[in-house]
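Notes follow the structure.
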Amino acid sequence: MENTRSMARIIVVTSGKGGVGKTTSSAAIGIGLALKGHKVVLIDFDIGLRNLDLIMGCERRVVYDFVNVINGEATLNQALIKDKRVSSLSVLPASQTRDKDALNKENVGKVLEELGKTFDYILCDSPAGIEAGAMMALYYADEAIVTTNPEVSSVRDSDRILGMLSSRSRRAELGLDPIKEHLLLTRYSPKRVEEGEMLSVEDVKDILAIPLLGVIPESEAVLKASNAGEPVILDTESDAGKAYQDVIDRLLGETVDFRFLVAEKKGILSRIFGG
Amino acid sequence: MADASIEFKGTSFTLSVLHLKTSELVDIRADLVKKVAQAPDFFYLVPIMVDIEKVACSINYQAVKVLVEEFNFTFVGFTGSIDKEQRKLIRELGFSFVNASKVDTSKKTAVTDEVLVEKSNQVDVKIERKLFSDKIHRGQIRSGQQVYAKDQNLVVIGSVSAGAEIIADGNIHVYGSLRGRAIAGAQGHHQAQIYCQNLEAELVSINGNYWLSESMEQHWGSPAYIHLTGTELTSSQLI
């Protein structure tokens, strides 16, 4: 591994709008990076509405949480949950009983610094909105994966978050290189784009003007995976699983063609034979 | 001498006009002190017309000229709807009298000869052109962000997102798509214009006159600029 210990990449998965797939994407990307041999920690910043542990299928193993660590009631090692499928992946769950005010910049910074000594990637799963919790999740980020659905309100909220990334983050405050921004388009349905019901990839790219990291097609596999606590990237047969795999390759610097951007054309034969 | 060394042409200028509501010089002075103190640089050597419509019969013209010059205005002449006798008197005293070229006044015929400023006195007639420096913003201006170019033009190298707001006291140039709100000539500048490579704005405003997107249909989604014609906003194609 080329990464040195002190150079952990802190990546925030954010969106502004809720329900667009932040946690699903965090889980998939966390597992994907870990499967490539990287040491990854996933942090749930959604204090009070913890979900990441459910999606990751480790909700029954939560003893201590992020807030316990912040308050010095538990050590990081006690709170971190090692994934049973991929040993190089750990989850730091959110507290279900506290609220977002439990976090402050100083304490979060200390925890991230501590994690940076062990992990290559620190993935921060941001809560929705633009309030303190979301600001805390993005504050220390080196990179941001802006999760967006191809519809107007989601794009608008992502635009707002991009503004926050460039003005309210640590990098902005210290005048360092700006946060590296990635666009992750989720729940994409080429068929509905063709029918004019959804914004196209090009529309969204044009409005947000940041590099495209991936396009995840709308897929039943995602819901199934979430309910089962098995991140969809592990479903290597599904379109969504394959699309997340491409995302991992791109995050690691490879150039991969985008898939699942056009609706499957039904040829005359398949129409006749129902193929 | 051939004619070539000079040429007469009619041109319109924008001049500041000081409207007098009283002939009491003491009161005028007191109010001028307050006004000029707000923006001394703005008024410095600004050519000025004095509208005496409300005070024509009762005022000392020479004293008015001396007064405004005391405040570093460049006195150009008098204006206002007053009767012929009065105008004649003003001119005999050696001052310029200029009719504002209002379309709604009944003196259409008089406009042509009176628009030329008579140079009977030693006043340099300067064109009032506001020269603004540029504030240059590189990168996208995103939803929720606001950029204000105070006493400047605003140049945006990037797009302005829906939900963003850009304001300039001068002109606005957007080298990208204008999807948010753009307010030019914010402190009152009639000649301000808004240029963009792709007009999809939520709102454009120049000197307080505004349009919502529905008024921009003609050049929607294309390179365009917005300017004022009288008090009407107009959009034109930007080639």
Side-chain angles (χ1 to χ4, degrees), chain A residues 12 14-18 20 126 128-132 134-135 138 141 144-169 171-173 175-183 196 199-212, chain B residues 135-150 152 154-168 172-183 194-204 212-217 219-225 237-238:
Chain A
V12 61
T14 185
S15 71
K17 194 168 160 57
V20 297
S126 171
I130 54 171
E131 310 305 325
M135 291 303 109
L138 68 77
I145 296 175
V146 179
T147 313
T148 307
N149 288 167
E151 45 106 7
V152 179
S153 63
S154 174
V155 173
R156 175 80 64 97
D157 290 0
S158 292
D159 194 51
R160 185 96 164 93
I161 279 290
L162 282 163
M164 301 281 187
L165 288 169
S166 62
S167 61
R168 305 274 293 275
S169 62
R171 284 179 169 270
E173 282 179 7
L176 304 173
D177 289 342
I179 290 177
K180 193 173 172 189
E181 301 154 337
H182 308 277
L183 173 61
L199 296 174
S200 70
V201 177
E202 291 309 315
D203 291 338
V204 180
K205 271 172 71 183
D206 183 45
I207 294 171
L208 295 180
I210 59 170
L212 186 61
Chain B
K135 179 189 180 109
I136 298 172
H137 180 101
R138 286 189 176 78
Q140 188 118 350
I141 299 179
R142 301 199 178 269
S143 181
Q145 294 182 324
Q146 192 188 53
V147 175
Y148 177 28
K150 185 169 166 50
Q152 283 182 308
L154 179 59
V155 179
V156 180
I157 303 172
S159 294
V160 178
S161 297
E165 189 170 67
I166 51 173
I167 306 168
I172 289 176
H173 304 255
V174 179
Y175 295 98
S177 296
L178 174 56
R179 299 195 176 97
R181 302 154 72 93
I183 295 156
I194 297 170
Y195 307 81
C196 62
Q197 288 186 325
N198 178 25
L199 179 65
E200 291 180 6
E202 292 172 328
L203 176 144
V204 290
L212 296 172
S213 10
E214 56 197 27
S215 307
M216 301 171 209
E217 268 174 17
H219 295 101
W220 190 258
S222 58
Y225 66 102
Q237 192 183 334
L238 190 69

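Within every chain, numbering begins at 1; the chains are lettered A, B, ... in the order of the sequence lines, protein sequences first and strands thereafter. These figures come from a predicted structure and were not determined experimentally.
- Around CD of Glu173(A), the count of heavy atoms belonging to other residues, nucleotides or ligands within 6.0 Å exceeds 12.
- Annotation: the span from Asp159(A) atom CG to Arg179(B) atom CZ amounts to 9.0 Å, rounded to 0.5 Å.
- What you find for Gln145(B) and Ser166(A) is that their closest heavy atoms are NE2-OG, 3.8 Å.
- Looking at Gln140(B), its side chain never comes within 3.5 Å of a backbone N or O of Gly163(A) through a donor-acceptor pair.
- Here the closest non-hydrogen pair linking Gly144(B) and Arg160(A) is CA-NH1, 3.4 Å.
- For the atom pair OG (Ser161(B)) and CZ (Arg156(A)), the distance works out to 8.5 Å, reported to the nearest 0.5 Å.
- To the nearest 0.5 Å, the span separating OG on Ser177(B) from CG on Asp206(A) amounts to 5.5 Å.
- More than 12 non-hydrogen atoms from other residues, nucleotides or ligands lie less than 6.0 angstrom from CZ of Arg171(A).
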